[in-house]
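Reminder, nothing fancy here: chain letters follow the sequence lines and each chain counts from 1.
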Amino acid sequence: MTVVTRFPPSPTGYLHIGGARTALFNWLYARGRGGEMVLRIEDTDTERSTQEAVDVIMQAMEWLGLSWNRGPYFQTRRFDRYREVIDGLLADGHAYHCFCSRERLEDLRESQRAAGEKPRYDHHCRDLGRKPEAGEDAVVRFRNPLEGSVVFDDVVRGRVEISNSEMDDLIIARTDGTPTYNLTVVVDDVDMGITHVIRGDDHTNNTPRQINIFHALGASLPVFAHVPLILGPDGQRLSKRHGAVSVLEYRDMGILPEALLNYLVRLGWSHGDQEIFDLDEMIDLFDITDINRSAASFDLDKLLWVNQHYIRQADVDRLGNLLARCLHRRGIRPSDGPRPGEVVELLRERVQTMVQMADQALYFYAEPGAYQPEAAAKHLVPEALPRLEALAEALGALENWRAEDINRVIKDVAAAQGAKFPQLAIPLRVALSGDTVTPSIDQTVRLVGRERTLSRLARAMEFIRSDGVNGGKNTGKNA
RNA sequence: GUCCCCAUCGUCUAGUUGGCCUAGGACAUCGCCCUUUCACGGCGACGACAGGGGUUCGAAUCCCCUUGGGGACGCCA
């Protein structure tokens with residue numbers, strides 16, 4: 001039997017981290033077994049579903065590389081099919097019309113809760129045995145068995161047994177005739193030949209009712225695997241107040257898709273002590289039977305670490321393009337400086353995200369703003385003046401603008417001035433970048449370029465001569 | 001409230017059918033080394049079987065209770 005999994009987002013918002021992991025698990029499982037994954041848009045809640053959300057979700061999946069083999073199917077385009085099933089259920093007695101008003105239902109729930117009971121429908125219309133008259137409002141309810149219990153083997157949680165007395169006669173068609181979730185899922189899973197339902201833990205309680213519907217339809221059951229939810233760092237359900245929860249936000253943060261995937265796959269799943277998995281390894285090693293039973297907390301620090309790992313080994317040109325895009329986003333033209341790929345080579349070992357890389361690359365493309373106060377106070381001092389003067393002269397006369405030659409010049413000037421290398425390198429860093437932190441100074445000087453290096457050196461010397469009075473504020477930004 | 005589920009370092013986790021666990025790895029944190037600043041890298045430190053009962057020669061691993069946490073109880077999905 002070919003494995004068929006599915007990812008069924010409801011388009012009421014962005015694709016969040018938890019959904020992405022569910023999609024990943026479905027994708028990995030299908031890929032690993034030569035099966036396929038269906039993308040199904042569960043938009044039966046027409047009030048809250050939007051086309052924009054559909055677009056954003058698909059965009060996120062494409063960014064992550066989680067491709068689907070079939071779909072996207074839209075449930076709103078299958079209403080005729082659901083109607084047909086509902087009519088069938090009505091005809092064979094598996095469903096019935098209910099005329100209870102929302103008010104009655106609310107009162108019922110309220111009183112049950114007050115009495116310490118689990119709120120559920122009281123079967124008021126279950127045995128009425130009549131159809132709505134013209135113009136009369138009615139919903140359709142599934143006639144859930146009263147006795148016994150539903151038992152199923154969940155791949156991750158093991159045997160699950162829930163008593164039918166715990167289950168409601170759930171509404172499968174609203175007053176306006178549109179079908180609801182628990183019905184559409186089952187119909188679709190049957191029609192689309194889904195063999196494995198891998199979904200969030202929050203659906204575990206729905207499963208027995210859905211199983212009853214599967215039975216009513218005479219359909220065979222798929223394999224169920226309910227994966228624990230992802231919690232926030234505080235152990236509470238992951239939500240916006242924990243920071244970014246949307247996949248696309250991570251993209252905009254400068255996270256690489258393969259890093260997010262790698263981080264996500266390790267949440268609730270592991271393979272010994274291995275931390276890094278490329279796509280092929282994941283596909284090869286992943287199995288739903290190895291999914292953990294307990295919920296995991298999202299940890300940004302670890303994601304950042306994984307991202308750093310991938311930044312260090314990613315293709316330079318690819319990162320160069322990403323860097324260029326980040327720079328562009330903050331109004332800087334990459335053409336105003338070195339080829340992004342060169343900057344990538346210099347910075348890739350020192351950043352955790354592409355956005356951080358852009359932050360650290362700014363001075364290659366635009367004049368640095370005011371000097372960082374402490375750095376200027378400590379390093380752009382009178383003692384540094386003669387050294388910088390000598391350095392500027394030597395650099396101006398340097399024949400080959402290459403890192404090794406630049407390095408030699410700095411060493412020579414330092415020696416001639418009776419200074420140690422850092423005593424020259426640090427002020428130079430401040431002059432070039434505005435702060436004391438840069439990659440190796442020779443490479444930095446090389447990439448900043450001769451013209452800019454000399455003009456920034458001149459500005460630094462002016463700063464020292466004027467005793468820091470107009471400390472770099474006359475330059476501001478000019479990209 | 002009712003029903004269901006979960007429980008190893010702060011976090012992600014390893015821990016094959018109970019013995020090799022003095023509980024391993026990774027992130028984070030803190031030190032030291034490397035060093036041209038910051039990183040990277042190397043080395044090291046800190047740090048957990050929620051608590052209590054059993055079962056057993058022996059339990060992180062099995063059972064029960066307690067506690068803590070999560071989920072579900074919609075004409076949402």
For [X], answer base if it contacts any base atom (sugar-phosphate contacts may also be present), sugar-phosphate if it contacts only those atoms, and nothing otherwise; contact means non-hydrogen atoms under 4.0 Å.
{"X": "Asn407(A)", "value": "base"}
{"X": "Asn206(A)", "value": "base"}
{"X": "Ile441(A)", "value": "base"}

Legend entry - Over-ring placement of Arg141(A) relative to Tyr121(A), 6.0 Å and 45° cut-offs: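 So Arg141(A) does make the cation-pi contact.
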Legend entry - Mate of U61(B) where both pairing distances stay under 3.5 Å, Watson-Crick or G-U: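 The base-pairing partner of U61(B), which may sit in any strand shown, does not exist here.
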Inset, instruction - Answer yes if the ring centres of Tyr96(A) and His123(A) are under 6.0 angstrom apart, and no otherwise. - result: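 Judged by ring-centre distance (under 6.0 Å), Tyr96(A) and His123(A) do not meet the cut-off.
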Inset, instruction - Take the protein atom NZ of Lys118(A) and the nucleotide atom P of C73(B), then report the distance between them rounded to whole Å. - result: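 Rounded to the whole Å, the gap is 9 Å.
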Legend entry - Nucleotide nearest Ser10(A) when distance is taken to its side chain, options U36(B), C6(B), A77(B):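 Closest nucleotide among those given: A77(B).
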Inset, instruction - Check whether any side-chain N or O of Thr438(A) sits under 4.0 Å from OP1 or OP2 of C38(B), and answer yes or no. - result: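 For Thr438(A), the contact criterion (side-chain N or O under 4.0 Å from OP1 or OP2 of C38(B)) is not met.
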Inset, instruction - Please check the phosphate of G70(B) (OP1 and OP2 only) for any side-chain N or O of Gln236(A) closer than 4.0 Å. - result: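 Yes, such a contact exists.
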Inset, instruction - Select from Arg312(A) and Thr46(A) the residue whose nearest nucleotide in RNA chain B is closer to the 5' end of that strand. - result: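 Residue closer to the 5' terminus by nearest nucleotide: Arg312(A).
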Legend entry - Sidechain N-carboxylate O distance under 4.0 Å for Lys131(A), Glu136(A):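 No salt bridge links Lys131(A) with Glu136(A).
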